[in-house]
Engineer: 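Please see the structure below; I have some questions.
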Amino acid sequence: MTGAAENQTFRTAIVPAAGLGTRFLPTTKAVPKELLPVVDTPGIEIVASEAAQAGANRLVIVTSPGKESVVNYFQDAPELEEALERKGKSKLLDKVRRAPALLDVEVAIQKEALGLGHAVAQAEPNLTDEDEAVAVLLPDDLVLPAGVLERMSAVRARHGGSVLCAFDIPKAEISPYGVFDVSETDDPDVKQVHGMVEKPAPEDAPSTFAAAGRYLLDRAIFDALGRITPGSGGELQLTDAVALLIKEGHPVHIVVHRGGRHDLGNPGGFLRAAVDFALDDPEYGPSLRTWLADRIGN
């Protein structure tokens with residue numbers, strides 16, 4: 001593949017992080033779920049790092065009142081840094097400085113939980129005329145290995161329009177997902193999208209390609225978000241706005257990602273992610289692997 005800079009089609013990434021984290025209560029009474037550590041790194045830093053790797057230089061975090069600590073995490077901590085430097089703790093100092101150095105972070109406030117589409121729309125005032133497209137990364141979704149956004153950017157550079165990430169899911173397991181109606185292109189992992197069905201029965205699914213939490217959206221998405229009507233629960237759904245763009249002739253494609261994923265949105269998925277990342281960690285991995293083998297054996 002050609003370099004990311006050659007196919008760079010976006011500079012701003014949006015991360016919706018306004019949810020209450022109810023599945024992690026009571027912890028989320030005090031700590032936003034986006035700051036819960038996967039080993040020692042919050043999920044939102046992992047997602048921000050993915051955006052920066054794909055060429056983003058600005059991150060707009062859409063959050064709710066009372067969750068300012070999510071944005072504060074990306075700010076410098078001079079007193080802490082000075083203390084670590086004074087004690088010669090250079091490795092810890094590098095970790096503390098890592099997130100603020102990734103990209104420029106701004107905040108948008110979603111005062112009411114009115115759906116993913118509504119959350120994304122709150123970031124529009126943060127954009128500039130140069131933002132012809134934006135990336136949206138759901139912080140609950142870790143898409144592994146990183147790199148799918150770069151592939152998505154290359155597809156937009158070639159085809160224009162909006163590009164979404166998809167996983168190929170066994171048909172018997174497809175029902176919990178939004179499923180794409182697609183046709184083939186000359187690349188087996190790039191499909192043109194003609195529609196989308198939410199949570200179909202397996203026999204009604206138009207394909208086996210299910211939506212994941214990565215979107216590269218043409219700026220036209222914000223106009224579409226202003227024209228769709230709320231769905232169930234009074235929420236504005238991002239997929240409804242994408243469907244409107246398709247109906248009006250905007251090109252929409254998916255990139256089928258052949259890697260793995262972790263769902264940080266529930267404790268079970270979060271635990272799997274933590275174990276997966278810890279096993280790959282040179283400091284914690286070897287002893288954890290030994291302990292797990294012994295624990296499972298007993």
Side-chain angles (χ1 to χ4, degrees), residues 4 13 15 17 21 23-57 59 61 67 69-105 137-150 167 212-214 257-298:
V15 174
R23 285 180 287 184
F24 282 92
L25 285 170
T27 300
T28 43
K29 283 171 58 181
V31 181
K33 68 174 180 179
E34 294 83 9
L35 294 181
L36 297 177
V38 180
V39 187
D40 61 358
T41 302
I44 198 163
E45 183 185 331
I46 298 171
V47 170
S49 179
E50 179 187 346
Q53 177 186 315
N57 55 25
L59 187 73
I61 299 176
K67 291 185 70 175
S69 57
V70 178
V71 179
N72 293 343
Y73 178 77
F74 290 92
Q75 297 176 355
D76 293 321
E79 291 182 8
L80 174 60
E81 292 173 28
E82 184 182 327
L84 292 172
E85 198 160 21
R86 193 168 57 245
K87 294 177 181 179
K89 296 183 181 294
S90 56
K91 288 186 178 179
L92 284 176
L93 183 61
D94 289 343
K95 287 184 177 183
V96 167
R97 288 175 169 167
R98 192 172 56 201
L102 283 172
L103 23 60
D104 296 326
V105 174
L137 298 89
L138 303 191
D140 285 352
D141 266 340
L142 292 188
V143 178
L144 304 170
V148 70
L149 267 179
E150 290 148 274
F167 277 78
R214 299 293 179 271
H257 184 63
R258 302 293 180 182
R261 72 190 294 191
H262 286 297
D263 178 5
L264 300 184
N266 66 83
F270 193 94
L271 282 169
R272 283 190 286 272
V275 171
D276 193 15
F277 274 65
L279 286 171
D280 286 338
D281 188 288
E283 182 177 353
Y284 305 114
S287 62
L288 176 63
R289 189 178 303 276
T290 302
W291 180 84
L292 279 173
D294 183 58
R295 178 70 177 82
I296 292 168
N298 291 329

Engineer: Distance from Leu93 atom CG to Lys87 atom NZ, nearest 0.5 Å?
Structural biologist: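 Interatomic distance, Leu93 CG to Lys87 NZ, rounded to 0.5 Å: 12.5 Å.
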Engineer: When rounded to the nearest 0.5 angstrom, what is the spacing between CG in Leu102 and CD in Gln53?
Structural biologist: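 Answer rounded to 0.5 Å: 10.5 Å.
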Engineer: Which heavy-atom pair separates Leu142 from Gly43 by the least distance, and what is that distance?
Structural biologist: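 Looking at all heavy atoms of both residues, the closest pair is CD2-O, 4.5 Å.
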Engineer: Nearest 0.5 Å, what's the NZ-NZ distance between Lys67 and Lys33?
Structural biologist: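 Nearest 0.5 Å value for the NZ-NZ distance: 7.0 Å.
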Engineer: Could you tell me whether the side chain of Asp263 and the main chain of Gly265 form a donor-acceptor pair under 3.5 Å?
Structural biologist: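 Yes, because the side chain of Asp263 sits within donor-acceptor range (under 3.5 Å) of the backbone of Gly265.
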Engineer: Compare every heavy atom of Gln75 with every heavy atom of Pro100, then report the nearest pair and how far apart it is.
Structural biologist: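 That would be CG-O, 3.6 Å.
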Engineer: Using ring pair (Phe, Tyr, Trp, His ring centres under 6.0 Å) as the criterion, list what pairs up with His257, not counting sequence neighbours.
Structural biologist: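 Scan of His257 (ring pair (Phe, Tyr, Trp, His ring centres under 6.0 Å), adjacent residues dropped) gives Phe167.
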Engineer: Mind listing the closest non-hydrogen atom pair of Val39 and Ala274 along with its distance?
Structural biologist: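 So the minimum-distance heavy-atom pair works out to CG2-O, 3.8 Å.
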Engineer: Rounded to the nearest 0.5 Å, what separation is found between the CG atom of Asp276 and the CG atom of Leu271?
Structural biologist: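 Nearest 0.5 Å value for the CG-CG distance: 12.5 Å.
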Engineer: For residues Pro32 and Val70, report the shortest heavy-atom separation together with the two atoms involved.
Structural biologist: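 Looks like CB-CG2, 3.6 Å.
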Engineer: In chain order, what residues pass the side-chain hydrogen bond (donor to acceptor under 3.5 Å, both in side chains) check against Arg97, with sequence neighbours excluded?
Structural biologist: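 Here the qualifying residues are Glu81.
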Engineer: How many angstroms lie between CZ in Phe74 and CD in Glu45, if you round to the nearest 0.5 Å?
Structural biologist: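 With rounding to 0.5 Å, CZ (Phe74) is 6.5 Å from CD (Glu45).
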Engineer: Among all residues two or more places apart in sequence or in another chain, which pass the side chain to side chain contact (heavy atoms under 4.5 Å, CB included) test with Asp94?
Structural biologist: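 Asp94 satisfies side chain to side chain contact (heavy atoms under 4.5 Å, CB included) with no other residue.
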Engineer: Check Ala13 against Leu137 and note the closest heavy-atom contact, atom names and distance.
Structural biologist: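 Smallest interatomic distance, heavy atoms only, reads CB-CD1, 3.7 Å.
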Engineer: Answer yes or no: is there a side-chain heavy-atom contact under 4.5 Å between Val148 and Glu50?
Structural biologist: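 In short, these two side chains touch, coming nearer than 4.5 Å.
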Engineer: Counting only N and O atoms by type, is there a donor-acceptor contact under 3.5 Å from the side chain of Asn298 to the main-chain atoms of Asp294?
Structural biologist: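 Yes; judged by distance alone, with no hydrogens or angles, the pair exists.
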Engineer: Under the rule for salt bridge (charged side-chain N to carboxylate O under 4.0 Å, His left out), what residues qualify as partners of Arg258, not counting sequence neighbours?
Structural biologist: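 Here the qualifying residues are Asp168, Asp189.
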Engineer: Taking salt bridge (charged side-chain N to carboxylate O under 4.0 Å, His left out) as the test, write out the residues that go with Lys95, two or more places apart.
Structural biologist: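 Lys95 satisfies salt bridge (charged side-chain N to carboxylate O under 4.0 Å, His left out) with Asp40 only.
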Engineer: Got a sec, which residues hit ring pair (Phe, Tyr, Trp, His ring centres under 6.0 Å) with Tyr73, two or more places apart in sequence or on another chain?
Structural biologist: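 Tyr73 satisfies ring pair (Phe, Tyr, Trp, His ring centres under 6.0 Å) with no residue once adjacent residues are dropped.
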Engineer: With heavy-atom distances below 4.5 Å as the criterion, would you say the side chains of Thr41 and Arg98 are in contact?
Structural biologist: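 They are in contact (side-chain heavy atoms under 4.5 Å apart), so the answer is yes.
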Engineer: Nearest 0.5 angstrom please: Leu288 CG to Arg295 CZ, how far?
Structural biologist: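 So the gap between those two atoms works out to 12.5 Å.
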Engineer: Minimum heavy-atom separation for Arg214 and Asp141, please, with both atom names.
Structural biologist: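 That would be NH2-O, 2.6 Å.
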Engineer: Do Ile46 and Phe277 come within less than 4.5 Å of each other through their side chains, counting heavy atoms only?
Structural biologist: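 With C-beta onward as the side chain, the pair touches.
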